[in-house]
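Residue numbering restarts at 1 for every chain, and letters A, B, ... go by the order of the sequence lines. Note: hydrogens, waters and symmetry copies are ignored here, and every other heavy atom, side chains too, is used.
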Amino acid sequence: MPNLVQPKVLKGFRDFLPETEISRKEIQTTLENTFKSFGMVPIDTPILEYTEVLLGKGSGETDKQIYRFQDHGKRDVAMRFDLTVPFARFMAANLNNLYLPFKRYHISKVWRGENTQRGRYREFTQCDFDIVGVDSPEADFEILSIMYESLTALGIPDIHIHISHRGIFNAFLEYLGVKENSAEILRIVDKLAKIGEEKVLEQLEELTNKEKASKILEYISADGSFDEILSKLEELSGGPTEGSKRLGTIRKMMLNCGIEDLFILNPSITRGLDYYTGIVYETFLDELPAIGSVCSGGRYNNLASIYSKTEMPGVGSSIGLDRLMAALEELGVSSSKKSLTKVLIMNMDDSLKGHYFNIAAKLRKAGINTEVFLEQKKMKNQFTFAERKNIPFAIIIGEDEYKENKVSVKNLETRENFNMTNIEDAIKIIGGNKE
RNA sequence: GUGGAUAUAGUUCAAUCGGUAGAGCACCAGAUUGUGGUUCUGGGUGUUGCGGGUUCAAGUCCCGUUAUCCACCCCA
């Protein structure tokens, strides 16, 4: 008995079986189609980068989560922990070959050495879409539209996109005289929904003082309609700011498109990453608030500045595919029973083997995914195989069919038989059942 | 990374005081049908997550380890 190696996978890393992977791919295709419909183009970047490239402007927090090591040439390298930072590097490196504004999407895996939880893994897939090269409310709004269209295309019911603005908040903190603590304040504020007002107030008091803490709480828990909250924020931050004006403009575009109900102005949304400079957003499912944001992002106007002297304002958002899939599963929206093969040609007769492949080729030419059962076994076996793989149709060709150049089709779900039909009719029967 | 809970067959679960692992479903083999859902016969399919320890004896008690779930942290 040889010593077998345990076929184990790392904590937070996963295998994907066909039934999962098929729907993952479908979701990705749906998203890609939505992105393309807005004129976005795909790109790709290496998963490994120089550590300094990834951490150039990262926060202290991301340092801890990053997978980092020395390569064989003693280079200090790291695996990307998101797609936005490599994208900034990409822009700086390829600016000469690009046209601005540049709109790209990128669906790929990223890695963070965090502790795992449901819907949270160490290897996960992000679907990013960004617009670089314009700092306009139109661009901000377009990203919001894509977020909405993408999630709608996936058939996700009842979403709300919570939006907020870093610029206004910074103006407010400056007005309050606590700007130097902004990073910590942002982090505390972000927890409002989770730990409640009391705890937030407590932590803010520790950091600043009683008066200022209650002012901050007043800011982040501002209530009412979009416009009411907006004017409240302006009031608290000492008058209208560039950011608040822009939010007003974006609000008008929402009203024009009749999608204003989807958006909630929520000043407690701040986002952990510190590269954001303008609008920020997170998306929650009404029925599953606990699962967290499934799509979030914002405007980052200085991100590329560490790589290039050219200014490249950007705005974008990212869908967490794994978290989204966990949500879809829980909501019962995901369709797990999918097959890619439409018909199985049963292996009945030794002398007809070549004929089976010939028929299969014809069916494929007609656009029908076809496979031939690859050994001669009992029909029961072959049917069981088809059932396991969720193949909806079987084609049976025995001596009789072969002689008259016909086939018999069986619908495996209804067990309905279509005996001795010609191939053209068989194609109609099978193809007509397309989803 | 820290703290807590959990880990038994493909799956859902059971196993008393520590006494040598069992049930439903699923599955496999065979019989019978040119068409699998019925029927008949036969089969338990297991490194009790992994590694140690205590004991005459460990799924059960102890220690370690790995993974999962939950909280913190952070985020998608």
Taking [M] as the reference, what is the distance to [N] when you measure between their [atom1] atoms (whole Å, please)?
N     : M     : atom1 : answer
B:U55 : B:C62 : P     : 16 Å
B:G42 : B:A5  : P     : 47 Å
B:A26 : B:C13 : C1'   : 14 Å
B:C70 : B:C17 : P     : 32 Å
B:G22 : B:G46 : P     : 14 Å
B:U66 : B:C73 : P     : 24 Å

Item to complete: Go ahead and name the base partner of B:U60; Watson-Crick or wobble counts if both distances stay under 3.5 Å, otherwise write none.
Response: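 Result: none.
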Practice prompt. Determine which nucleotide pairs with B:A71, using a 3.5 Å limit on both distances of a Watson-Crick or G-U wobble pair.
Written response: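 Base partner found: B:U2.
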Of the options [options], whose atoms approach the side-chain atoms of [X] most closely?
X      : options             : result
A:I396 : B:G1, B:U35, B:G37  : B:U35
A:R323 : B:C75, B:G1, B:U35  : B:C75
A:T116 : B:U68, B:C73, B:U35 : B:U68
A:L412 : B:C74, B:G36, B:U35 : B:G36
A:R112 : B:U68, B:C75, B:U35 : B:C75
A:N381 : B:G36, B:C75, B:A29 : B:A29
A:T384 : B:G34, B:C28, B:C75 : B:C28

Worksheet item: Is any side-chain heavy atom of A:I345 less than 4.5 Å from a side-chain heavy atom of A:F357?
Response: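 When only atoms from C-beta onward are counted, A:F357 and A:I345 do not touch, as no gap falls below 4.5 Å.
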In terms of side-chain heavy atoms, does [X] have a donor or acceptor partner in [Y] at a distance below 3.5 Å?
X      : Y      : answer
A:E401 : A:S408 : yes
A:D130 : A:T84  : no
A:R80  : A:S108 : yes
A:T45  : A:R89  : no
A:N369 : A:T341 : no

Name the nucleic acid region contacted by [X], choosing base, sugar-phosphate or nothing; use a 4.0 angstrom heavy-atom cut-off, strictly under.
X      : value
A:Q382 : nothing
A:E123 : nothing
A:C295 : sugar-phosphate
A:D322 : nothing
A:G12  : sugar-phosphate
A:L324 : nothing
A:V110 : nothing
A:T125 : nothing

Using a distance-only criterion (donor-acceptor N/O pair, under 3.5 Å, no hydrogens), is the base of [N] paired with the side chain of [X]?
X      : N     : value
A:R187 : B:C74 : no
A:E387 : B:G37 : no
A:R118 : B:C70 : no

Fill in: Rounded distance (Å) that lies between atom P of B:A67 and atom OH of A:Y121
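One finds 15 Å between P of B:A67 and OH of A:Y121, rounded.
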Item to complete: With RNA chain B as reference, determine whether A:K378 or A:K410 sits nearer its 5' end, using the nearest nucleotide of each.
Response: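 Taking each residue's closest nucleotide, the earlier one in sequence belongs to A:K378.
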Practice prompt. Map A:N115 and A:G320 onto RNA chain B by nearest heavy atom, then report which one ends up closer to the 5' terminus.
Written response: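 Its nearest nucleotide lies further toward 5', so the answer is A:N115.
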Practice prompt. Working to the nearest 0.5 Å, report the span between OH of A:Y219 and CG of A:L233.
Written response: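 Rounded to the nearest 0.5 Å, the OH-CG separation comes out at 4.5 Å.
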Discussion item. Can you see if the side chain of A:K11 gets near the phosphate of B:U68 - specifically, an N or O under 4.0 Å from OP1 or OP2?
Written reply: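 Looking at the OP1 and OP2 atoms of B:U68, one of them is under 4.0 Å from a side-chain N or O of A:K11.
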